[in-house]
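First up is the structure itself, then whatever we jot down about it.
Throughout, protein chains are lettered first and strands after them, A, B, ... in sequence-line order, and every chain is numbered starting at 1.
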Amino acid sequence: MTKKYDTPLLDELEKGPFPSFVTEIKKAAAKNPMAADELGQLEKSMRDKVTYWKHGGIVGVRGYGGGVIGRYSQLADEFPGVAHFHTVRVNQPAGLFYTSETIRFICDLWDKYGSGLTNFHGSTGDMVLLGTVTDNLEPLATILSLNGFDLGGSGSAMRTPSCCVGPARCEWSMIDTLDITYDLTQEFQDELHRPQFPYKFKIKTVGCPVDCNASIARADLSIIGTWKGPIEIDQDRVRDYAKKGVNIQEEIVNFCPGKCITWDGNNLAINNSDCLHCMHCITKLAGALKPTPPFGAVILIGAKAPFVIGATLSWVIVPFMELKPPYQELKDMIRNMWDWWNEYGKNRERIGELIIRRGMREFLEVCGLEPTPEMVKEPRNDPFWFWKEEDLEKKPWEEFLK
Amino acid sequence: MTKKYDTPLLDELEKGPFPSFVTEIKKAAAKNPMAADELGQLEKSMRDKVTYWKHGGIVGVRGYGGGVIGRYSQLADEFPGVAHFHTVRVNQPAGLFYTSETIRFICDLWDKYGSGLTNFHGSTGDMVLLGTVTDNLEPLATILSLNGFDLGGSGSAMRTPSCCVGPARCEWSMIDTLDITYDLTQEFQDELHRPQFPYKFKIKTVGCPVDCNASIARADLSIIGTWKGPIEIDQDRVRDYAKKGVNIQEEIVNFCPGKCITWDGNNLAINNSDCLHCMHCITKLAGALKPTPPFGAVILIGAKAPFVIGATLSWVIVPFMELKPPYQELKDMIRNMWDWWNEYGKNRERIGELIIRRGMREFLEVCGLEPTPEMVKEPRNDPFWFWKEEDLEKKPWEEFLK
Amino acid sequence: MGEIPEKFFIPDVVDVKQRKTDIGPPHYSNFLPPVIKKNYGNWKTHEILSPGLMVHIANSGDKIWTVRVASPRLLSTDTLREIADIADKYCDGYFRFTTRNNIEFLVSDESKVQPLIDELNAKKFMIGGIGSRVSNIVHTQGWIHCHSAAVDASALVKAIMDEFADYFTTKETPNKVRFAVACCTNMCGAVHCSDIAYVGIHRKLPRIDHDNFKNVCELPTTMAACPTAAITPDPAKKSIKINPEKCMYCGNCFSVCPALPIADPENDGVAIVVGGKVGNLRKPPMFSKLAVAYLPNNPPRWPEVVKATRKIFDAYIAGAKKHERVGEWIERIGWEKFFAVTGLPFTFQHIDDWTYAFKTFRTTTQFKWTK
Amino acid sequence: MGEIPEKFFIPDVVDVKQRKTDIGPPHYSNFLPPVIKKNYGNWKTHEILSPGLMVHIANSGDKIWTVRVASPRLLSTDTLREIADIADKYCDGYFRFTTRNNIEFLVSDESKVQPLIDELNAKKFMIGGIGSRVSNIVHTQGWIHCHSAAVDASALVKAIMDEFADYFTTKETPNKVRFAVACCTNMCGAVHCSDIAYVGIHRKLPRIDHDNFKNVCELPTTMAACPTAAITPDPAKKSIKINPEKCMYCGNCFSVCPALPIADPENDGVAIVVGGKVGNLRKPPMFSKLAVAYLPNNPPRWPEVVKATRKIFDAYIAGAKKHERVGEWIERIGWEKFFAVTGLPFTFQHIDDWTYAFKTFRTTTQFKWTK
């Protein structure tokens with residue numbers, strides 16, 4: 001029998017239509033003393049309006065520097081079941097596809113070695129196993145590995161790469177997001193498991209500019225599929241949409257950010273040279289419009305949450321890169337930027353912050369990239385800038401003013 | 001006879017249709033040795049691609065700290081006529097209106113005491129008399145004052161206020177820009193003539209959002225006329241424009257930033273509650289549309305050139321202020337902000353820079369202004385901000401969530 | 001590399017020396033339904049058949065149906081097994097999760113779609129979330145598992161999702177409405193780019209435990225963690241000082257130094273930010289902006305936060321054009337109108353006063369009169 | 001206060017004790033033509049009759065005609081007297097200047113308009129500049145009168161205005177084209193908000209005159225003048241050091257300290273910035289942005305600068321819609337297209353690397369393919 005707590009506040013959270021996390025904890029608590037004490041401590045947090053977790057200590061498994069987050073209760077005496085309550089990150093399959101057998105294996109394992117509580121999934125994308133004790137970590141990691149699973153990333157490491165559903169079940173994916181994610185994860189196993197960077201490094205890959213994995217907001221390296229060909233139009237299907245009540249002028253033409261679509265009531269025309277590749281028309285007229293090759297990706301760098309310098313969205317560094325296995329150009333570029341970041345980055349400095357500190361030029365030169373207007377919303381406005389000695393010798397105007 | 005220099009490079013600049021400043025200098029040089037040496041030194045600058053003026057020294061007139069800019073040549077031996085070549089700033093009449101008698105007086109005076117070269121006008125708006133010697137300054141200032149003229153501002157002072165042509169010859173002026181400029185100039189004579197601020201302070205007043213005096217880009221305090229009433233429409237005149245070939249849909253409706261205009265080929269309709277008061281429709285259909293009262297001004301603060309923190313445009317601090325003589329509310333606000341700037345501003349720190357350094361809240365509180373959304377393009381995005389002790393006690397949600 | 005065993009096994013006795021390292025995750029192809037494997041990268045289109053059901057159609061003519069149900073993300077193994085059982089019954093065992101933590105059952109046989117929906121309904125699963133409506137809320141750990149949480153996350157998510165449940169299951173919104181919750185300003189998750197999002201905040205100075213500082217904290221790291229350089233050394237105490245004029249209560253110093261606790265039951269609470277988006281559809285991605293600077297922590301259901309959200313949500317429903325996200329709607333009407341139509345007060349906290357503050361000040365006379 | 005004498009006078013002997021102070025400028029009403037005084041604030045509309053002629057019509061029915069001519073701003077007293085004579089002949093002595101330094105003759109009697117224009121033409125005045133065309137160039141002093149000028153201003157203005165003179169006198173542009181010239185980065189004038197503007201720049205470090213530093217410069221002021229904190233004390237020399245890695249050659253240190261000359265005949269030159277505007281018409285005011293990072297100083301007519309301007313100007317004429325200013329045109333087509341259609345190269349200097357740099361980095365996949 002597990003311990004039973006009176007939880008009047010949490011009980012309130014079992015009401016209502018949305019599935020209740022309290023019910024989940026109670027299910028686990030019925031058979032697992034760790035989950036039972038989690039419930040008790042949480043009720044106390046609700047009452048006192050404060051968290052009761054200590055700052056995490058360092059725990060882990062042999063040979064790895066990450067994958068486990070130490071967690072201890074401030075109220076170990078009152079809730080001994082959560083005295084240790086570590087998180088284990090398990091690297092998810094790309095695309096978040098599972099089979100019932102797989103999930104039962106995870107459940108069996110976690111009932112045996114943990115609290116029975118999970119997150120599907122954590123913010124970075126890992127399966128998150130919530131609540132275990134230090135002694136269970138080695139057996140857990142061993143059994144996972146014997147069954148083909150490995151831990152995810154944590155700390156100042158490459159974090160577990162993740163992606164959208166991609167070509168597995170989406171007609172708009174212009175790159176193989178699952179394969180890229182799997183391939184990069186395998187390529188950089190060392191960087192994933194053994195923190196060796198100034199700070200965390202996240203990679204997220206999405207198949208198109210709709211960005212269903214928030215790549216541009218949540219990844220240091222954002223890989224976003226795009227296309228260079230014209231948008232192919234199936235006029236009959238467009239007319240079908242119109243007949244079914246879509247107001248093509250209002251809903252499609254007027255929303256186009258490039259103002260490059262016209263509709264005469266019968267035919268849709270797109271001036272592709274003004275297309276901004278936003279995907280609005282394509283997604284709203286699903287099946288009627290489609291992007292055509294060349295396919296590739298925009299590569300962007302630097303997104304992060306607010307600490308320390310404020311939130312950033314990723315910045316374009318490659319307007320178009322073809323992405324075909326083995327993705328060598330991409331991998332080389334990643335290694336180059338990591339080398340530079342490792343050399344110059346301060347402790348807890350994200351790569352985007354380092355770029356701001358040392359300048360985009362140095363970063364681009366490290367990556368072997370030429371400046372292009374797609375990298376900026378607009379050129380600089382204040383009239384101060386750097387010149388390198390080598391720039392002074394050049395007379396580019398002799399060429400462009402010819 | 002004045003000295004004659006060989007000026008092959010400058011002579012090139014007498015060709016072409018645009019009136020030539022070289023011709024102007026030559027005219028003056030024919031009778032004035034200072035102007036003659038100015039010409040000689042300038043030819044040398046053209047040849048050597050470098051300026052030959054020294055860092056200005058401090059010169060002035062008794063009782064004033066500004067109004068004269070000291071200027072000395074680096075080549076006094078070669079060009080003794082410009083050994084001293086000071087600039088005198090004379091406060092222009094508001095609106096830049098002159099009579100021939102007035103201008104002849106200035107010419108006579110300047111032929112006697114200066115180089116015969118002028119700028120109509122300097123960047124701040126003053127009449128600029130270019131090139132005189134220290135000994136001439138006192139008589140110059142005396143004669144100017146006896147004829148009703150006074151010097152303008154320079155240095156860390158209020159600079160000579162200026163304005164657009166305003167109600168004198170413009171149908172769109174919603175405030176009396178000339179009167180405001182004249183009144184403020186008189187009110188703040190002490191601050192104009194005796195530098196007592198951390199740095200310069202410019203005031204520019206324009207009658208409407210077209211901003212023909214670049215107030216929003218060139219003044220620490222920008223006063224821009226606006227209106228709150230609906231736009232009055234003379235439909236016949238609109239139809240006249242249409243008949244005369246103006247494409248109302250393309251040229252007017254489609255350019256409206258508030259998307260609040262419709263045109264059915266016969267009648268123009270404006271949804272005034274979505275109007276952004278940009279003036280496009282009003283200026284393009286001159287005489288057909290007009291703003292209606294209440295009239296007043298948007299008050300903005302902080303524009304400056306790039307040094308030191310980068311260029312700024314002025315920021316809205318009062319969305320609407322009625323401006324009727326004696327403009328007491330405006331004057332009080334200006335004095336309040338100056339007091340604060342004088343107390344906290346560092347040497348050479350513009351008021352906009354101080355606002356950035358100490359925060360907009362403090363500035364607004366000093367000015368007695370409540371925060372309003374018109375002050376920002378958008379609210380802050382990063383989740384860190386200040387609370388004052390007094391804020392913590394308030395429970396505003398009890399009111400707004402009722 | 002990337003393989004899974006024919007049959008998973010958990011040995012009774014574990015020999016940790018057998019552990020393999022750096023094998024990475026299993027290859028995704030192990031988990032793809034056959035129809036997906038066959039049509040991988042060859043999809044033609046899809047249709048949303050109802051709020052929780054869509055069908056994807058391949059160029060080959062093959063189809064796969066997806067039934068989506070809500071999940072609280074925090075799942076017990078019991079529930080996971082229940083999902084597995086359902087997947088076995090209707091989906092040959094195949095299912096997936098979305099990046100917003102919904103569960104998706106992948107049905108290859110059309111005849112099993114309705115029975116699956118019936119069973120999910122019978123078992124009180126909440127079906128929906130596809131298309132222009134409210135989807136599941138991405139969120140952080142909160143008091144369940146985090147040492148720096150200024151607010152609970154799961155409870156707030158539950159309260160919000162209960163309130164707007166009908167917009168998940170049935171009703172439409174002008175475009176998707178993405179909620180997000182971050183339990184502190186560290187903001188694990190895309191709170192900074194969501195339509196309507198919540199972030200736990202502090203409003204009082206960290207309390208310096210001078211005795212402990214030297215044992216558990218590192219001076220340079222602690223100083224570097226402060227976004228406003230409010231932290232300076234206090235050599236006498238072998239500790240630090242905090243300049244109260246500069247502190248913005250972000251709590252990042254506590255993240256790196258346990259001797260600087262900042263949690264405060266009475267003054268912590270929730271800020272609401274709005275108008276962010278990550279996709280490039282129509283407008284470029286946008287940051288969320290501050291809508292409400294503070295609402296109190298009022299567990300278990302945070303009624304003030306729910307109420308304020310209702311004001312924003314209803315104004316959006318009433319005012320937005322079809323296809324406009326919250327941020328696009330606000331951009332079109334202007335922030336002055338946003339505050340007018342929602343009735344939310346505009347306070348000093350809304351005006352940025354941090355590093356890039358002046359970039360947000362309005363440098364035009366263009367605005368609308370709201371009073 | 002604000003009065004002028006009935007007749008101006010210049011005494012042969014000046015008694016400086018007679019000087020009055022703080023009288024301010026004369027009241028503007030002294031200089032207004034009677035028709036303006038009468039209709040002050042009561043104008044109904046105006047019409048542009050030709051590129052240099054407009055008529056303003058009052059609600060009373062009264063009219064005043066304005067004839068605009070170009071001015072180099074630098075005027076000799078001879079020319080000013082010539083203007084006064086013309087004003088006497090046709091305008092009852094009344095004329096004014098515009099904020100862009102044009103001269104405007106104010107004619108109250110319609111019958112005098114054409115004779116005025118004829119005389120101005122005969123005297124080679126350049127009539128025009130009203131409406132959608134090139135107006136006069138606002139500019140700074142340059143080598144004529146400034147110690148920090150990196151380029152001459154008047155000469156550059158003359159070269160540009162000669163090149164585009166027909167757009168002042170006759171031809172139309174999609175909307176007004178505002179040129180501006182600043183002879184150094186101190187930018188007296190609205191170069192930062194003009195359609196096409198020029199700014200003199202340096203590209204080499206200031207040369208420190210250590211011997212003189214302590215005599216003529218103040219350490220804190222000099223250090224504070226540096227926008228990148230590149231200047232640090234050199235106590236041994238009682239002077240300063242400049243970190244070459246941080247110096248952006250702005251020359252502001254020289255502005256406050258004569259011992260830091262930075263002018264360099266071979267490496268100084270001109271940058272071109274484009275797309276700024278100050279008015280609130282259609283779009284809010286915009287800053288100018290860098291188009292060409294450097295062109296050499298090539299007096300007296302700066303042919304490279306004129307040529308580069310021609311590329312930008314012609315692309316604007318060809319591509320802009322009626323009423324679009326240069327910045328509005330660029331915003332619509334996108335900067336990648338701007339560089340494509342002008343043929344100007346995009347270089348590392350175009351990418352901001354100063355304080356607010358990252359706010360200019362592109363955070364969207366939205367762009368157009370140009371190659």
Proximal component of B:D11, with respect to chain D [non-hydrogen, under 4.5 Å]: neither
Can you say whether B:C163 sits under 4.5 Å from chain D via the side chain, the backbone, both, or neither, judging by heavy atoms? backbone
Any B:D176 side-chain heavy atom under 4.5 Å of D:Y40 side chain: yes
Once rounded to the nearest 0.5 Å, what's the spacing between atom CD1 of D:I83 and atom OG of B:S100? 11.5 Å
Side chains of B:F120 and D:I103 in contact at under 4.5 Å (non-hydrogen atoms): no
D:D88/B:R104 ion pair, N-O < 4.0 Å: yes
For D:H145, the option from B:Y72, B:F21, B:F85 that meets ring-ring contact (aromatic ring centres under 6.0 Å, His included): B:F85
Taking side chain as everything from C-beta outward and backbone as N, CA, C, O, which of these in B:C256 sits under 4.5 Å from a heavy atom of chain D? Side chain, backbone, both or neither. neither
Ranking B:G16, B:G287, B:P93, B:C107 by heavy-atom pairs under 4.5 Å to chain D gives rank one to B:C107
Interface check, chain D: of B:R71, B:E349, B:H277, most non-hydrogen pairs under 4.5 Å belong to B:R71
Can you tell which part of D:A58 gets under 4.5 Å to a heavy atom of chain B, answering side chain, backbone, both or neither? neither
Taking the six-membered ring where the residue is Trp, are the ring centres of D:F8 and B:F105 under 6.0 Å apart? yes
Can you tell me how far the OG atom of D:S154 sits from the CD1 atom of B:I25, to the nearest 0.5 Å? 7.0 Å
Listed by chain and number, what are the salt bridge (charged side-chain N to carboxylate O under 4.0 Å, His left out) partners of B:K304, not counting sequence neighbours? none
For the residue pair B:T142 and D:Q18, confirm or rule out a side-chain donor-acceptor distance under 3.5 Å. no
Side-chain heavy-atom pair D:L281, B:K284 within 4.5 angstrom cut-off: no
In short, D:P299 meets B:M46 closest at the heavy-atom pair CG-O, 3.3 Å
Which region of B:V61, side chain (C-beta onward) or backbone (N, CA, C, O), has a non-hydrogen atom less than 4.5 Å from a non-hydrogen atom of chain D, or is it both or neither? both
Which atoms of B:D48 come close to chain D, meaning under 4.5 Å heavy atom to heavy atom: side chain ones, backbone ones, both, or neither? backbone
A side-chain contact here means heavy atoms from C-beta on lying under 4.5 Å apart; do B:R169 and D:R96 qualify? yes
Side chain, backbone, both or neither: which part of B:R194 has a heavy atom under 4.5 Å from chain D? side chain
What part of B:L109 gets within 4.5 angstrom of chain D, counting heavy atoms only: side chain, backbone, both, or neither? both
B:Y64 six-ring face occupied by D:R19 cation (under 6.0 Å, within 45°): yes
B:I216 versus chain D, heavy atoms under 4.5 Å apart: side chain, backbone, both or neither? side chain
OG1 of D:T21 to CG of B:D150, rounded to nearest 0.5 Å, is 7.5 Å
Which heavy atom of D:T185 sits nearest to which heavy atom of B:F307, and what is that distance? OG1-CZ, 3.2 Å
Centroid-centroid under 6.0 Å between D:H147 and B:Y52 rings: no
Structural part of B:K27 lying under 4.5 Å from a heavy atom of chain D: both
Please classify the contact of B:S45 with chain D as side chain, backbone, both or neither, using a heavy-atom distance under 4.5 Å. both
Can you tell me which of B:P139, B:A28, B:P8 forms the most heavy-atom pairs within a distance under 4.5 Å of chain D? B:P139
Salt-bridged, D:E266 to B:K49, with N to O below 4.0 Å? yes
Can you tell me how far NE2 of B:H55 sits from CZ of D:F254, rounded to the nearest 0.5 angstrom? 4.0 Å
Parallel, tilted or perpendicular, judged at 30° and 60°: which one describes the rings of B:F149 and D:F31? tilted
Report the distance from atom CD1 of D:I10 to atom CG of B:L144, rounding to the nearest 0.5 Å. 9.0 Å
So, the part of D:Q141 with a heavy atom under 4.5 Å from chain B: the answer is side chain
The test is salt bridge (Lys or Arg N to Asp or Glu O under 4.0 Å); show your working for B:E251 and D:K321 and say whether it passes. CA-CA 9 Å; B:E251 296 185 40; D:K321 291 186 193 173; over 6 Å; no
With chain D, which of B:I282, B:T99, B:D211 has the greatest number of heavy-atom pairs at distances under 4.5 Å? B:T99
Please look at B:K31 and chain D and tell me whether the side chain, the backbone, both or neither of the residue comes under 4.5 angstrom of a heavy atom of that chain. side chain
Structural part of B:L13 lying under 4.5 Å from a heavy atom of chain D: both
Close side-chain approach of B:L313 to D:C193, heavy-atom, < 4.5 Å: yes
What residues, two or more places apart in sequence or in another chain, satisfy salt bridge (charged side-chain N to carboxylate O under 4.0 Å, His left out) together with B:R348? none
Is there side-chain contact between B:C164 and D:T99, with at least one heavy-atom pair below 4.5 Å? no
Are D:I23 and B:Q186 packed together at the side-chain level, in the sense that at least one heavy-atom pair is separated by less than 4.5 angstrom? no
Is any side-chain N of the basic residue among B:D108 and D:R81 closer than 4.0 Å to the acidic one's carboxylate O? yes
Residue among B:S173, B:C170, B:A303 with most heavy-atom pairs under 4.5 Å to chain D: B:C170
Give, as side chain, backbone, both or neither, the part of B:E38 having an atom under 4.5 angstrom from any heavy atom of chain D. side chain
Using a cut-off of under 4.5 Å on heavy-atom pairs, state which of B:A305, B:S162, B:A217 scores highest against chain D. B:A217
Which answer fits B:K112, side chain, backbone, both or neither, if we ask what part of it has an atom under 4.5 Å from a heavy atom of chain D? side chain
When rounded to the nearest 0.5 angstrom, what is the spacing between OH in B:Y98 and CZ in D:F97? 6.5 Å
Show your reasoning for whether salt bridge (Lys or Arg N to Asp or Glu O under 4.0 Å) applies to D:R301 and B:E12. CA-CA 8 Å; D:R301 296 196 77 101; B:E12 283 298 313; 5.5 Å; no
Taking side chain as C-beta onward, heavy atoms only, is B:F18 less than 4.5 Å from D:V157? yes
